[in-house]
Participant: 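Dropping the structure in here first, questions after.
Start at 1 with the first residue, then count along the sequence.
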Amino acid sequence: MKKMTKDITAGAAGRRRAGSGDPLGPNSEIGRKLKQYYDELVSDHVPDRFAQLLSQLERTEPAPKKD
C-alpha cells in the first residue's frame with residue numbers, strides 16, 4: 001500500500017515539474033466552476049431600481065476631502 005501511495009505522489013510531483021499547464025492540479029475543475037459562476041454573476045443585469053438607489057446614495061455621500 002505504501003508503494004502505491006509513493007507512486008501516486010511521485011507521479012503528481014512529476015506532472016507539476018513537467019509544466020502540464022494546470023497549476024491547480026486536481027482543484028482545476030473547482031476553479032473553473034467558480035470562475036464560470038463569478039463571470040455569470042458579474043455579467044448579470046442590475047435592476048433599474050437598484051441602480052437608482054446607488055445613484056441616490058452617491059449623491060448624498062459627502063465628497064472625500066483631499067489633503
Side-chain angles (χ1 to χ4, degrees):
M1 185 69 144
K2 285 185 179 182
K3 179 168 178 14
M4 188 169 141
T5 305
K6 283 183 179 180
D7 290 343
I8 291 170
T9 306
R15 284 190 300 274
R16 278 192 297 265
R17 273 186 254 123
S20 64
D22 193 2
L24 295 177
N27 296 323
S28 61
E29 183 63 25
I30 295 170
R32 278 192 291 274
K33 294 283 185 182
L34 285 172
K35 181 170 179 3
Q36 178 184 5
Y37 178 71
Y38 176 78
D39 290 342
E40 289 173 7
L41 191 65
V42 169
S43 67
D44 279 350
H45 175 71
V46 176
D48 293 336
R49 179 68 181 139
F50 189 67
Q52 290 171 353
L53 290 172
L54 287 173
S55 294
Q56 288 176 353
L57 179 63
E58 288 175 352
R59 286 192 302 262
T60 58
E61 285 185 346
K65 296 179 181 177
K66 294 184 179 179
D67 290 331

Participant: Any chance you could pull the hydrophobic cluster mates of Leu53, using side-chain heavy atoms under 4.5 angstrom and chaining through other members?
Facilitator: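 Once heavy-atom contacts under 4.5 Å are chained together, Leu53 still belongs with nothing else.
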
Participant: Please round to the nearest 0.5 Å and tell me the distance separating atom CZ of Arg32 and atom CD of Glu29.
Facilitator: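 Those atoms lie 4.5 Å apart.
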
Participant: In the hydrophobic clustering that connects Ile, Leu, Val, Met, Phe, Trp and Tyr at side-chain heavy-atom distances below 4.5 Å, which members other than Leu34 occupy its cluster, ordered by chain and number?
Facilitator: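 For the cluster that includes Leu34, the remaining residues are Ile30.
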
Participant: Only counting residues at least two apart or in another chain, list the ones meeting side-chain contact (heavy atoms from CB on, under 4.5 Å) with Gln36.
Facilitator: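 Listed in chain order: Lys33, Glu40.
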
